[in-house]
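Attaching a single structure in structure tokens format; questions to follow.
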Amino acid sequence: MILFKKEKDLKPELKRLQNQGKTIAFAPTMGALHNGHLELIRAGKLAGHTTVVSIFINPTQFNDKKDFEKYPVTIEQDIKLLVESGTDILFLPSVAEMYPDGLEALSRYDLGDLENLLEGHYRPGHFQGVCNVMHRLLKKIEPQHLYMGQKDYQQCMVVQKLIADFQLPVQFHVVPTIREESGLAMSSRNTRLSQNARENAVAIYHAHVYVKNNLLKLSLRDLKDNAKKQLKAAGFTEIDYIEICDAHTLQPVQAYHEDQQLVILTAAFTEGVRLIDNMLLN
Ligand code: AMP
């Protein structure tokens, strides 16, 4: 694996690979890597691409300063995992490399309703930060393929919109959520939980399975209310949302129609750590 910190050093290597007819698969991350991240790399390798991973804790996508300050950093372990996974290139830029004109000089993206729904509502400015960093990374790396996780469902929609709006020449791939054996979605933030909270956090997954299994038996309102109770009983102190939405528009849905694809999405706090997860329902 070759590590680059600057675009000016990375670009010639990417050019060299391109001249050899190699195609680039890119997986952006914020580090504290786990099996979910490694799955993105595996998917790129399996498709025969040269794999580029970035690690950059993007300050502009954190609406909560404390969350940014507490974000786990495990760079040595990350490098070890990346080498073991057969990653070809690690891009590890500094804040100055990504934002040479400072953190205030940001582009503004039209995200439509995605800006106001769910994560957009509870994390104001978050997706503007995501678009700023993703657009910059995609310009620097110019991959043919981009791999991101379904775990961040709305983020996938936002990045797909970015690619479409700017007609970026990259194919987008969504990788299914990788879970612990218990069902808990793998997340860098899980490392901030006590053993007890980590065991109880699986309640989000169980609540989603409960809703999926009872979709035809109860109203969506009752299903959401029951799911909320399950999270409270498992020690979640604050629930930003448990919402059942149209899987393509993310608009909340009031009643089940079998021809509409639905997704349930949850964001909730336990021990002050905000966890998100989702599940396609039909
Ligand atoms: P992050 O480092 O949390 O910004 O995540 C980097 C990428 O890894 C994003 O595309 C995430 O959706 C993806 N990712 C994170 N957790 C998982 C998971 N458990 N399963 C699959 N992909 C994941």
Side-chain angles (χ1 to χ4, degrees), residues 25-47 49 51-64 67-68 70-75 77-79 81-82 85 87 90-93 95 98 114 118-119 123 126-138 141 143 145-163 170-193 198 201-202 204-205 208 250 263 265-267 273-280:
F26 173 45
T29 83
M30 298 203 296
L33 299 181
H34 51 66
N35 215 12
H37 297 115
L38 301 181
E39 191 65 18
L40 309 181
I41 300 160
R42 278 183 214 117
K45 283 183 78 72
L46 202 65
H49 307 305
T51 47
V52 178
V53 171
S54 65
I55 296 181
F56 179 64
I57 305 180
N58 175 33
T60 67
Q61 73 184 68
F62 285 84
N63 54 309
D64 177 354
D67 189 29
F68 176 60
K70 287 187 190 163
Y71 202 84
V73 179
T74 59
I75 190 67
Q77 169 73 0
D78 290 350
I79 289 174
L81 287 173
L82 289 175
S85 73
T87 298
L90 168 59
F91 184 47
L92 193 66
V95 171
M98 292 305 296
L114 290 173
L118 307 176
E119 290 297 280
R123 301 187 68 188
H126 169 63
F127 287 130
Q128 289 296 329
V130 167
C131 284
N132 268 276
V133 78
M134 282 306 303
H135 204 175
R136 286 159 200 242
L137 285 169
L138 289 171
I141 294 163
H145 299 270
L146 173 63
Y147 289 80
M148 298 185 77
Q150 189 196 321
K151 157 90 175 12
D152 297 275
Y153 192 93
Q154 192 171 0
Q155 174 171 268
C156 284
M157 292 178 72
V158 164
V159 174
Q160 268 171 308
K161 182 162 167 41
L162 174 77
I163 290 169
V170 59
Q171 220 175 310
F172 188 75
H173 305 266
V174 180
V175 174
T177 304
I178 302 301
R179 300 177 180 282
E180 315 248 357
E181 224 170 289
S182 65
L184 174 66
M186 289 193 180
S187 165
S188 306
R189 289 187 172 86
N190 292 348
T191 59
R192 288 173 48 200
L193 298 174
R198 196 164 171 149
V202 72
I204 299 183
Y205 173 70
H208 288 177
L250 224 56
V263 59
L265 306 106
T266 295
V273 179
R274 189 173 185 276
L275 301 180
I276 61 168
D277 197 1
N278 65 82
M279 184 179 284
L280 290 168

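Read the numbers this way: they start at 1 and go in the same order the structure lists the ligands and their atoms.
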Discussion item. I need the atoms of ligand 1 closer than 4.0 Å to a non-hydrogen atom of Y71, numbered in the order shown.
Written reply: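 Counting atoms of ligand 1 from 1, those under 4.0 Å from Y71 are 3 (O).
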Discussion item. Suppose we measure from atom 12 (O) of ligand 1 to each protein heavy atom; which comes out shortest, and what is that distance?
Written reply: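 Protein heavy atom with the smallest distance to atom 12 (O) of ligand 1: D152 OD2, 2.7 Å.
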Item to complete: Kindly give the heavy-atom pair with the smallest separation between C131 and L162, and that separation in Å.
Response: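 Closest approach of C131 to L162: O-CD2, 4.2 Å.
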Worksheet item: What are the two closest non-hydrogen atoms of N190 and A185, and how far apart are they?
Response: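 Closest pair (atom of N190, atom of A185, distance): ND2-O, 3.0 Å.
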Fill in: Top protein contact for atom 20 (N) of ligand 1, by heavy-atom distance
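Checking every protein heavy atom, the shortest distance to atom 20 (N) of ligand 1 gives I178 N, 2.8 Å.
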Discussion item. As an exercise, identify every atom of ligand 1 less than 4.0 angstrom from a heavy atom of T177.
Written reply: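 Per the distance check, 19 (N), 20 (N), 21 (C).
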Item to complete: Among all protein heavy atoms, pick out the one at the shortest distance from atom 15 (C) of ligand 1; state its residue, atom name and that distance to 0.1 Å.
Response: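 Nearest protein contact, heavy atoms only, for atom 15 (C) of ligand 1 is H34 CE1, 3.9 Å.
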Discussion item. Ignoring hydrogens, what is the shortest heavy-atom contact between M30 and N58? Give both atom names and the distance.
Written reply: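 Taking M30 first and N58 second, the nearest heavy atoms are SD-N, 3.8 Å.
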Worksheet entry | atom 1 (P) of ligand 1: nearest protein contact (heavy atom, Å) |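 For atom 1 (P) of ligand 1, the nearest protein heavy atom comes out as H37 NE2, 3.6 Å.
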Practice prompt. Could you check D64 against K70 for salt bridge (Lys or Arg N to Asp or Glu O under 4.0 Å), going step by step and ending with a plain yes or no?
Written response: CA-CA 10 Å; D64 177 354; K70 287 187 190 163; over 6 Å; no
Worksheet item: Got a second to check how far H208's NE2 is from D277's CG, nearest 0.5 Å?
Response: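 Atom-to-atom, H208:NE2 and D277:CG are 5.5 Å apart.
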Worksheet item: What atoms of ligand 1 come within less than 4.0 Å of a heavy atom belonging to T29?
Response: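 Here the atoms of ligand 1 in question are 2 (O), 6 (C).
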Item to complete: Could you see which bit of N35 sits under 4.0 Å from ligand 1, with heavy atoms only: side chain, backbone, both or neither?
Response: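 None of N35 does.
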Practice prompt. Identify the heavy atoms of Y205 and S182 that sit nearest to each other, and give their distance.
Written response: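 Looks like CD2-O, 4.1 Å.
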Worksheet item: Looking at ligand 1, does P28 have a heavy atom less than 4.0 Å from it?
Response: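 Yes; P28 lies near enough to ligand 1 that a heavy-atom distance drops under 4.0 Å.
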Discussion item. Please evaluate residues Q154 and L250 with respect to the criterion side chain to side chain contact (heavy atoms under 4.5 Å, CB included), reporting the C-alpha separation (whole Å), side-chain torsions for both, the decisive distance (0.1 Å), and the verdict.
Written reply: CA-CA 8 Å; Q154 192 171 0; L250 224 56; 3.4 Å; yes
Item to complete: On the 0 to 90° scale, with breaks at 30° and 60°, tag the F62-Y71 ring pair as parallel, tilted or perpendicular.
Response: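 Answer is perpendicular, since the angle exceeds 60°.
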Worksheet item: Non-hydrogen atoms of R179 versus ligand 1: any pair closer than 4.0 Å?
Response: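 Flag not set, R179 not near ligand 1.
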Worksheet item: Counting only heavy atoms, which portion of P176 has something under 4.0 Å from ligand 1: side chain, backbone, both, or neither?
Response: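 For P176, the contact with ligand 1 is made by the backbone alone.
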Discussion item. Under a 4.0 angstrom heavy-atom cut-off, which atoms of ligand 1 come close to M186?
Written reply: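 Every atom of ligand 1 under 4.0 Å from some heavy atom of M186: 16 (N), 17 (C), 18 (C), 19 (N).
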Worksheet entry | For atom 4 (O) of ligand 1, the protein heavy atom that lies nearest, with its residue and separation |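 Here the closest protein heavy atom is M30 CG, 3.6 Å.
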Worksheet item: What residue among V174, V170, V130, D152 forms side-chain contact (heavy atoms from CB on, under 4.5 Å) with V159?
Response: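 Passing option: V130.
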Worksheet item: Please state which protein non-hydrogen atom is closest to atom 10 (O) of ligand 1 and give its distance, to 0.1 Å?
Response: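 Protein heavy atom at minimum distance: G149 N, 3.0 Å.
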